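Quick note on labels: first sequence line is chain A, next is B, and so on, each numbered from 1. Quantities reported herein were computed from a predicted structural model and do not represent experimental measurements.
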2 protein chains.
Amino acid sequence: MNIGDAAKATGLSAKTIRYYEGINLVVADRSENGYRNYSDAHIHKLRFVQRARRLGFSIDVCRALLSLYQDRNRASAEVKSIAKKHLGEIEAKIVELQNLQQTLSHLIDHCAGDDRPNCPIMDDLSGEFHDTSADDRKLH
Amino acid sequence: MNIGDAAKATGLSAKTIRYYEGINLVVADRSENGYRNYSDAHIHKLRFVQRARRLGFSIDVCRALLSLYQDRNRASAEVKSIAKKHLGEIEAKIVELQNLQQTLSHLIDHCAGDDRPNCPIMDDLSGEFHDTSADDRKLH
DNA sequence: GCTTGACCTTACTGTAACTAGAAGCTTTAT
DNA sequence: ATAAAGCTTCTAGTTACAGTAAGGTCAAGC
(Lines give C-alpha, C1' and ligand atoms only; values in the text may rest on other atoms or scores of the structure.)
Protein backbone atom coordinates (compact mmCIF):
# COMPACT_ATOMS: atom_id res chain seq x y z
CA MET A 1 0.00 0.00 0.00
CA ASN A 2 1.49 3.35 -1.06
CA ILE A 3 1.09 6.51 0.95
CA GLY A 4 -1.82 7.77 -1.12
CA ASP A 5 -3.86 4.69 -0.36
CA ALA A 6 -2.83 4.85 3.28
CA ALA A 7 -4.09 8.43 3.34
CA LYS A 8 -7.44 7.35 1.92
CA ALA A 9 -7.65 4.46 4.37
CA THR A 10 -6.97 6.59 7.43
CA GLY A 11 -8.41 9.99 6.62
CA LEU A 12 -5.01 11.57 7.21
CA SER A 13 -3.22 13.52 4.48
CA ALA A 14 -0.09 12.09 2.89
CA LYS A 15 1.74 15.11 4.25
CA THR A 16 0.63 14.29 7.76
CA ILE A 17 1.60 10.64 7.41
CA ARG A 18 5.07 11.66 6.26
CA TYR A 19 5.27 14.03 9.17
CA TYR A 20 4.38 11.22 11.58
CA GLU A 21 7.17 9.19 10.11
CA GLY A 22 9.55 12.13 10.42
CA ILE A 23 8.91 12.30 14.16
CA ASN A 24 9.15 8.52 14.47
CA LEU A 25 5.54 8.03 15.42
CA VAL A 26 4.53 5.57 12.70
CA VAL A 27 7.37 4.45 10.43
CA ALA A 28 6.53 2.64 7.20
CA ASP A 29 8.51 0.02 5.36
CA ARG A 30 10.01 0.87 1.98
CA SER A 31 9.43 -0.78 -1.38
CA GLU A 32 12.30 -1.31 -3.81
CA ASN A 33 11.58 1.94 -5.59
CA GLY A 34 11.90 3.87 -2.34
CA TYR A 35 8.18 4.41 -1.88
CA ARG A 36 6.71 3.98 1.59
CA ASN A 37 4.82 0.74 1.99
CA TYR A 38 1.98 0.36 4.49
CA SER A 39 0.74 -2.91 5.94
CA ASP A 40 -2.54 -3.44 7.75
CA ALA A 41 -0.71 -3.04 11.04
CA HIS A 42 0.59 0.36 9.92
CA ILE A 43 -2.87 1.44 8.88
CA HIS A 44 -4.21 0.34 12.21
CA LYS A 45 -1.63 2.41 14.05
CA LEU A 46 -2.30 5.44 11.89
CA ARG A 47 -6.01 5.16 12.52
CA PHE A 48 -5.33 4.85 16.22
CA VAL A 49 -3.34 8.07 16.14
CA GLN A 50 -5.95 9.81 14.03
CA ARG A 51 -8.69 8.97 16.55
CA ALA A 52 -6.54 10.01 19.49
CA ARG A 53 -5.67 13.30 17.78
CA ARG A 54 -9.35 13.88 17.06
CA LEU A 55 -9.93 13.53 20.79
CA GLY A 56 -7.40 16.28 21.29
CA PHE A 57 -4.50 14.25 22.64
CA SER A 58 -1.12 15.79 21.84
CA ILE A 59 1.33 13.94 19.64
CA ASP A 60 3.48 13.11 22.64
CA VAL A 61 0.51 11.66 24.47
CA CYS A 62 -0.46 9.77 21.32
CA ARG A 63 2.99 8.26 21.35
CA ALA A 64 2.47 7.08 24.92
CA LEU A 65 -1.01 5.77 24.15
CA LEU A 66 0.29 3.94 21.12
CA SER A 67 2.92 2.21 23.17
CA LEU A 68 0.34 1.30 25.81
CA TYR A 69 -1.85 0.04 23.00
CA GLN A 70 0.86 -2.39 21.99
CA ASP A 71 1.58 -3.44 25.55
CA ARG A 72 -0.37 -6.60 26.33
CA ASN A 73 0.37 -6.16 30.02
CA ARG A 74 -0.73 -2.56 30.33
CA ALA A 75 -2.88 -1.53 33.26
CA SER A 76 -6.07 0.23 32.23
CA ALA A 77 -5.41 2.53 35.19
CA GLU A 78 -2.58 4.09 33.26
CA VAL A 79 -4.71 4.78 30.24
CA LYS A 80 -7.47 6.13 32.42
CA SER A 81 -5.08 8.44 34.20
CA ILE A 82 -3.83 9.91 30.91
CA ALA A 83 -7.37 10.42 29.72
CA LYS A 84 -8.39 12.01 33.00
CA LYS A 85 -5.55 14.46 32.88
CA HIS A 86 -6.48 15.41 29.34
CA LEU A 87 -10.11 15.79 30.35
CA GLY A 88 -9.05 18.15 33.12
CA GLU A 89 -7.17 20.30 30.64
CA ILE A 90 -10.14 20.39 28.33
CA GLU A 91 -12.41 21.41 31.15
CA ALA A 92 -10.03 24.17 32.23
CA LYS A 93 -9.95 25.44 28.67
CA ILE A 94 -13.73 25.44 28.51
CA VAL A 95 -13.96 27.54 31.66
CA GLU A 96 -11.39 29.96 30.31
CA LEU A 97 -13.28 30.35 27.06
CA GLN A 98 -16.57 30.73 28.85
CA ASN A 99 -15.13 33.64 30.82
CA LEU A 100 -14.01 35.28 27.60
CA GLN A 101 -17.42 34.62 26.14
CA GLN A 102 -19.16 36.33 29.04
CA THR A 103 -16.94 39.38 28.95
CA LEU A 104 -17.16 39.71 25.21
CA SER A 105 -20.88 39.25 24.87
CA HIS A 106 -21.44 41.73 27.65
CA LEU A 107 -19.35 44.31 25.83
CA ILE A 108 -21.03 43.53 22.52
CA ASP A 109 -24.47 43.92 24.05
CA HIS A 110 -23.61 47.41 25.14
CA CYS A 111 -22.15 48.61 21.88
CA ALA A 112 -24.58 50.49 19.68
CA GLY A 113 -22.89 49.21 16.52
CA ASP A 114 -23.78 52.24 14.44
CA ASP A 115 -21.72 54.82 12.56
CA ARG A 116 -20.79 56.84 15.65
CA PRO A 117 -17.33 56.34 17.15
CA ASN A 118 -18.44 55.90 20.75
CA CYS A 119 -17.88 52.28 21.71
CA PRO A 120 -17.80 50.48 25.08
CA ILE A 121 -15.62 47.74 23.60
CA MET A 122 -12.96 50.30 22.77
CA ASP A 123 -13.44 51.94 26.15
CA ASP A 124 -12.74 48.64 27.83
CA LEU A 125 -9.66 47.94 25.75
CA SER A 126 -8.30 51.42 26.34
CA GLY A 127 -8.91 51.21 30.06
CA GLU A 128 -11.77 53.70 30.30
CA PHE A 129 -14.41 51.82 32.17
CA HIS A 130 -17.97 53.03 31.88
CA ASP A 131 -19.29 50.30 34.15
CA THR A 132 -21.98 48.73 32.03
CA SER A 133 -22.44 45.97 34.60
CA ALA A 134 -24.98 48.05 36.50
CA ASP A 135 -26.46 49.89 33.58
CA ASP A 136 -29.98 49.34 34.83
CA ARG A 137 -29.49 51.81 37.66
CA LYS A 138 -30.88 55.29 37.22
CA LEU A 139 -28.45 57.95 36.06
CA HIS A 140 -29.31 61.68 36.33
CA MET B 1 10.99 55.25 30.10
CA ASN B 2 13.11 52.22 29.26
CA ILE B 3 11.71 48.88 28.23
CA GLY B 4 11.94 47.40 31.74
CA ASP B 5 9.72 50.12 33.15
CA ALA B 6 7.38 49.80 30.20
CA ALA B 7 7.14 46.10 30.98
CA LYS B 8 6.24 46.80 34.60
CA ALA B 9 3.74 49.44 33.55
CA THR B 10 1.93 47.18 31.11
CA GLY B 11 2.28 43.70 32.53
CA LEU B 12 3.92 42.54 29.32
CA SER B 13 7.41 41.04 29.29
CA ALA B 14 10.26 43.01 27.73
CA LYS B 15 10.57 40.18 25.23
CA THR B 16 6.97 40.59 24.23
CA ILE B 17 7.31 44.34 23.86
CA ARG B 18 10.37 43.88 21.64
CA TYR B 19 8.43 41.34 19.64
CA TYR B 20 5.59 43.80 19.17
CA GLU B 21 8.07 46.29 17.84
CA GLY B 22 9.58 43.67 15.56
CA ILE B 23 6.21 43.09 13.93
CA ASN B 24 5.53 46.83 13.76
CA LEU B 25 2.67 46.74 16.20
CA VAL B 26 3.94 49.29 18.74
CA VAL B 27 7.22 50.95 17.79
CA ALA B 28 9.12 52.92 20.45
CA ASP B 29 11.36 55.94 20.03
CA ARG B 30 15.07 55.54 20.67
CA SER B 31 17.26 57.34 23.19
CA GLU B 32 20.75 58.47 22.25
CA ASN B 33 22.27 55.32 23.67
CA GLY B 34 20.07 53.20 21.43
CA TYR B 35 17.69 52.11 24.17
CA ARG B 36 13.98 52.07 23.42
CA ASN B 37 12.14 55.00 24.94
CA TYR B 38 8.47 54.78 25.85
CA SER B 39 6.11 57.73 26.23
CA ASP B 40 2.71 57.66 27.91
CA ALA B 41 1.14 57.24 24.49
CA HIS B 42 3.26 54.14 23.87
CA ILE B 43 2.33 52.71 27.23
CA HIS B 44 -1.31 53.34 26.47
CA LYS B 45 -1.04 51.47 23.17
CA LEU B 46 0.78 48.57 24.80
CA ARG B 47 -1.87 48.30 27.48
CA PHE B 48 -4.53 48.39 24.81
CA VAL B 49 -2.87 45.48 23.04
CA GLN B 50 -2.40 43.60 26.28
CA ARG B 51 -6.10 43.85 27.13
CA ALA B 52 -7.11 42.85 23.62
CA ARG B 53 -4.78 39.86 23.72
CA ARG B 54 -6.18 38.84 27.07
CA LEU B 55 -9.59 38.80 25.45
CA GLY B 56 -8.19 36.34 22.95
CA PHE B 57 -7.92 38.62 19.91
CA SER B 58 -5.13 37.58 17.54
CA ILE B 59 -2.23 39.93 16.92
CA ASP B 60 -3.55 40.77 13.48
CA VAL B 61 -6.94 41.66 14.91
CA CYS B 62 -5.21 43.69 17.63
CA ARG B 63 -3.52 45.63 14.87
CA ALA B 64 -6.88 46.41 13.31
CA LEU B 65 -8.41 47.32 16.66
CA LEU B 66 -5.46 49.57 17.45
CA SER B 67 -5.91 51.44 14.20
CA LEU B 68 -9.64 51.78 14.84
CA TYR B 69 -8.78 52.98 18.31
CA GLN B 70 -6.80 55.81 16.82
CA ASP B 71 -9.42 56.64 14.24
CA ARG B 72 -11.62 59.43 15.54
CA ASN B 73 -14.12 58.78 12.76
CA ARG B 74 -14.47 55.05 13.32
CA ALA B 75 -17.92 53.51 13.36
CA SER B 76 -18.62 51.46 16.46
CA ALA B 77 -20.31 49.02 14.08
CA GLU B 78 -16.92 48.02 12.77
CA VAL B 79 -15.56 47.31 16.24
CA LYS B 80 -18.69 45.43 17.15
CA SER B 81 -18.45 43.31 14.04
CA ILE B 82 -14.88 42.30 14.84
CA ALA B 83 -15.83 41.44 18.40
CA LYS B 84 -18.83 39.45 17.23
CA LYS B 85 -16.76 37.42 14.84
CA HIS B 86 -14.30 36.65 17.62
CA LEU B 87 -17.11 35.73 19.96
CA GLY B 88 -18.45 33.35 17.34
CA GLU B 89 -15.08 31.64 17.10
CA ILE B 90 -14.88 31.32 20.86
CA GLU B 91 -18.33 29.83 21.02
CA ALA B 92 -17.52 27.35 18.29
CA LYS B 93 -14.40 26.32 20.19
CA ILE B 94 -16.44 25.87 23.35
CA VAL B 95 -18.87 23.57 21.58
CA GLU B 96 -16.01 21.58 20.11
CA LEU B 97 -14.39 21.18 23.51
CA GLN B 98 -17.68 20.25 25.12
CA ASN B 99 -18.08 17.47 22.61
CA LEU B 100 -14.62 16.19 23.43
CA GLN B 101 -15.44 16.48 27.11
CA GLN B 102 -18.57 14.37 26.71
CA THR B 103 -16.84 11.68 24.72
CA LEU B 104 -13.87 11.52 27.04
CA SER B 105 -15.76 11.50 30.29
CA HIS B 106 -18.03 8.80 28.94
CA LEU B 107 -15.05 6.66 28.07
CA ILE B 108 -13.39 7.36 31.40
CA ASP B 109 -16.52 6.42 33.29
CA HIS B 110 -16.48 3.03 31.67
CA CYS B 111 -12.84 2.23 32.24
CA ALA B 112 -12.18 0.13 35.31
CA GLY B 113 -8.82 1.81 35.87
CA ASP B 114 -7.22 -1.20 37.53
CA ASP B 115 -4.21 -3.34 36.68
CA ARG B 116 -5.95 -5.34 34.01
CA PRO B 117 -5.28 -4.44 30.36
CA ASN B 118 -8.90 -4.37 29.24
CA CYS B 119 -9.82 -0.78 28.54
CA PRO B 120 -12.76 0.82 26.72
CA ILE B 121 -10.69 3.93 26.02
CA MET B 122 -8.17 1.83 24.11
CA ASP B 123 -10.98 -0.04 22.41
CA ASP B 124 -12.39 3.21 21.17
CA LEU B 125 -9.05 4.47 19.90
CA SER B 126 -8.31 1.21 18.15
CA GLY B 127 -11.72 1.11 16.53
CA GLU B 128 -13.17 -1.80 18.50
CA PHE B 129 -16.44 -0.45 19.75
CA HIS B 130 -18.03 -2.14 22.71
CA ASP B 131 -20.99 0.26 22.72
CA THR B 132 -20.98 1.52 26.26
CA SER B 133 -23.69 4.02 25.40
CA ALA B 134 -26.38 1.48 26.26
CA ASP B 135 -24.51 -0.34 28.96
CA ASP B 136 -27.56 -0.41 31.22
CA ARG B 137 -29.22 -3.04 29.05
CA LYS B 138 -29.06 -6.64 30.19
CA LEU B 139 -26.36 -8.78 28.66
CA HIS B 140 -26.48 -12.62 28.76
C1' DG C 1 40.19 53.90 37.65
C1' DC C 2 38.00 49.60 38.10
C1' DT C 3 34.70 46.26 39.01
C1' DT C 4 30.18 44.57 39.75
C1' DG C 5 25.53 44.06 38.66
C1' DA C 6 21.47 45.49 36.53
C1' DC C 7 19.72 46.68 32.34
C1' DC C 8 19.84 47.18 27.51
C1' DT C 9 20.97 45.65 22.43
C1' DT C 10 20.66 42.23 18.32
C1' DA C 11 20.36 37.70 16.55
C1' DC C 12 19.49 32.91 16.50
C1' DT C 13 16.89 28.84 18.00
C1' DG C 14 12.85 26.32 19.63
C1' DT C 15 7.97 25.59 20.42
C1' DA C 16 3.10 22.31 18.07
C1' DA C 17 1.53 20.12 14.44
C1' DC C 18 1.33 20.40 10.59
C1' DT C 19 0.74 22.79 5.35
C1' DA C 20 2.59 24.60 1.04
C1' DG C 21 5.77 24.61 -2.47
C1' DA C 22 9.90 23.42 -5.23
C1' DA C 23 12.68 20.22 -7.86
C1' DG C 24 13.07 15.90 -9.32
C1' DC C 25 12.14 10.64 -9.54
C1' DT C 26 8.70 6.51 -10.89
C1' DT C 27 4.65 4.61 -12.45
C1' DT C 28 0.54 4.49 -15.16
C1' DA C 29 -2.31 5.65 -18.94
C1' DT C 30 -2.92 7.08 -23.55
C1' DA D 1 6.54 8.84 -26.58
C1' DT D 2 4.62 11.70 -23.57
C1' DA D 3 1.73 13.45 -20.23
C1' DA D 4 -0.47 13.02 -15.82
C1' DA D 5 -0.51 11.32 -11.42
C1' DG D 6 1.93 9.92 -7.59
C1' DC D 7 6.03 9.48 -5.11
C1' DT D 8 10.61 11.35 -3.02
C1' DT D 9 13.35 14.93 -0.07
C1' DC D 10 14.07 19.53 1.48
C1' DT D 11 12.94 24.14 2.87
C1' DA D 12 10.07 27.59 4.68
C1' DG D 13 5.83 29.43 6.79
C1' DT D 14 2.29 29.40 10.38
C1' DT D 15 1.23 31.82 16.05
C1' DA D 16 3.04 34.45 19.65
C1' DC D 17 6.20 34.46 21.89
C1' DA D 18 10.44 32.35 25.41
C1' DG D 19 15.25 31.07 25.94
C1' DT D 20 19.95 31.83 25.23
C1' DA D 21 24.29 33.89 23.58
C1' DA D 22 27.41 37.62 23.00
C1' DG D 23 28.03 42.03 23.88
C1' DG D 24 27.12 47.36 24.87
C1' DT D 25 25.62 50.92 28.75
C1' DC D 26 24.99 52.91 33.18
C1' DA D 27 25.13 53.92 38.19
C1' DA D 28 27.16 52.69 42.58
C1' DG D 29 30.86 51.46 45.46
C1' DC D 30 35.89 50.93 46.56
Report the distance from atom [atom1] of [X] to atom [atom2] of [Y], rounding to the nearest 0.5 Å.
| X | Y | atom1 | atom2 | value |
| --- | --- | --- | --- | --- |
| A:Leu97 | B:Leu97 | CG | CG | 6.0 Å |
| A:His110 | B:Lys80 | NE2 | NZ | 10.0 Å |
| B:Gln50 | B:Thr10 | CD | OG1 | 6.5 Å |
| B:Gln70 | A:Met122 | CD | CE | 9.5 Å |
| B:Cys119 | B:Ile108 | SG | CD1 | 10.0 Å |
| A:Tyr20 | A:Ile59 | OH | CD1 | 4.0 Å |

In whole angstroms, how far is the [atom2] atom of [N] from the [atom1] atom of [X]?
| X | N | atom1 | atom2 | value |
| --- | --- | --- | --- | --- |
| A:Tyr19 | C:dC18 | OH | P | 6 Å |
| A:Arg63 | C:dC18 | CZ | P | 12 Å |
| B:Arg18 | C:dA11 | CZ | P | 12 Å |
| A:Ile23 | C:dT19 | CD1 | C1' | 14 Å |
| A:Ile17 | C:dT19 | CD1 | C1' | 14 Å |
| A:Asn33 | C:dT27 | CG | C1' | 8 Å |

Next item on the list: Using heavy atoms and a sub-4.0 Å distance, could you list which residues of residues 36-61 of chain A are near DNA chain D? By number, please.
Entry: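 Only A:Arg36 qualify.
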Margin query: Please list, in numerical order, the residues of residues 90-99 of chain A that have a heavy atom closer than 4.0 Å to any atom of DNA chain D.
Written below: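 Hits under 4.0 Å, by residue number: none.
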Sub-3.5 Å donor-acceptor pair from the side chain of [X] to the main-chain atoms of [Y], do we have one?
| X | Y | value |
| --- | --- | --- |
| A:Asn37 | A:Met1 | yes |
| B:Asn33 | B:Tyr35 | yes |
| B:His42 | B:Ser39 | yes |
| B:Arg47 | B:Gly11 | no |
| B:Ser81 | B:Ala77 | no |
| B:Asp114 | B:Arg116 | yes |

Check: Where each residue is assigned the nucleotide of DNA chain C containing its nearest heavy atom, which of B:Arg30 and B:Lys8 is assigned the position nearer the 5′ end?
Finding: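 Result: B:Lys8.
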Nucleotides 20-23 of chain C: which of its N/O atoms have a protein N/O under 3.5 Å away?
from, atom 1, to, atom 2, distance (Å)
C:dA20, N7, A:Lys15, NZ, 3.4
C:dG21, N7, A:Lys15, NZ, 3.4
C:dG21, O6, A:Lys15, NZ, 2.5

Note to self: Roughly what angle, to 10°, lies between the helix axis at the start of the helix from C:dG1-D:dC30 to C:dT30-D:dA1 and the one at its end, five pairs per end?
What the structure shows: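 Here the helix ends are tilted 30° relative to one another.
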Check: For B:Ile3, which contact category applies under a 4.0 Å heavy-atom criterion: base, sugar-phosphate, or nothing?
Finding: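 Here B:Ile3 touches the backbone only, sparing every base.
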Check: With the threshold set at 4.0 Å, does a side-chain nitrogen-carboxylate oxygen contact exist between A:Glu21 and A:Arg18?
Finding: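 No, no charged N to carboxylate O under 4.0 Å.
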Next item on the list: Shoot me the first and last contacting nucleotide of DNA chain D against chain B, ordered 5' to 3', at under 4.0 angstrom to non-hydrogen atoms.
Entry: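 Footprint of chain B along DNA chain D, 5' to 3': D:dA16 to D:dC26.
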Next item on the list: Give a yes/no answer on whether the side chain of A:Thr16 brings an N or O atom under 4.0 Å of OP1 or OP2 in C:dA17.
Entry: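 Negative; the distance criterion is not met.
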Checklist line | Cluster check B:Leu55, B:Leu46: I/L/V/M/F/W/Y, side chain < 4.5 angstrom | finding: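 Yes, it is one cluster - the side chains of B:Leu55 and B:Leu46 are joined through contacts under 4.5 Å.
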Checklist line | Pairwise side-chain contact, A:Val79 with B:Leu125, heavy-atom cut-off 4.5 Å (strictly under) | finding: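 Result no, sub-4.5 Å side-chain heavy-atom pair not found.
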Next item on the list: Could you pick out which residue, B:Ser13 or A:Asn2, lies toward the 5' side of DNA chain D when each is mapped onto its nearest nucleotide?
Entry: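 The 5'-side residue here is A:Asn2.
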Next item on the list: Check side-chain contact (heavy atoms from CB on, under 4.5 Å) between A:Ala6 and all other residues, then give those that pass, not counting sequence neighbours.
Entry: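 A:Ile17, A:Tyr38, A:Ile43.
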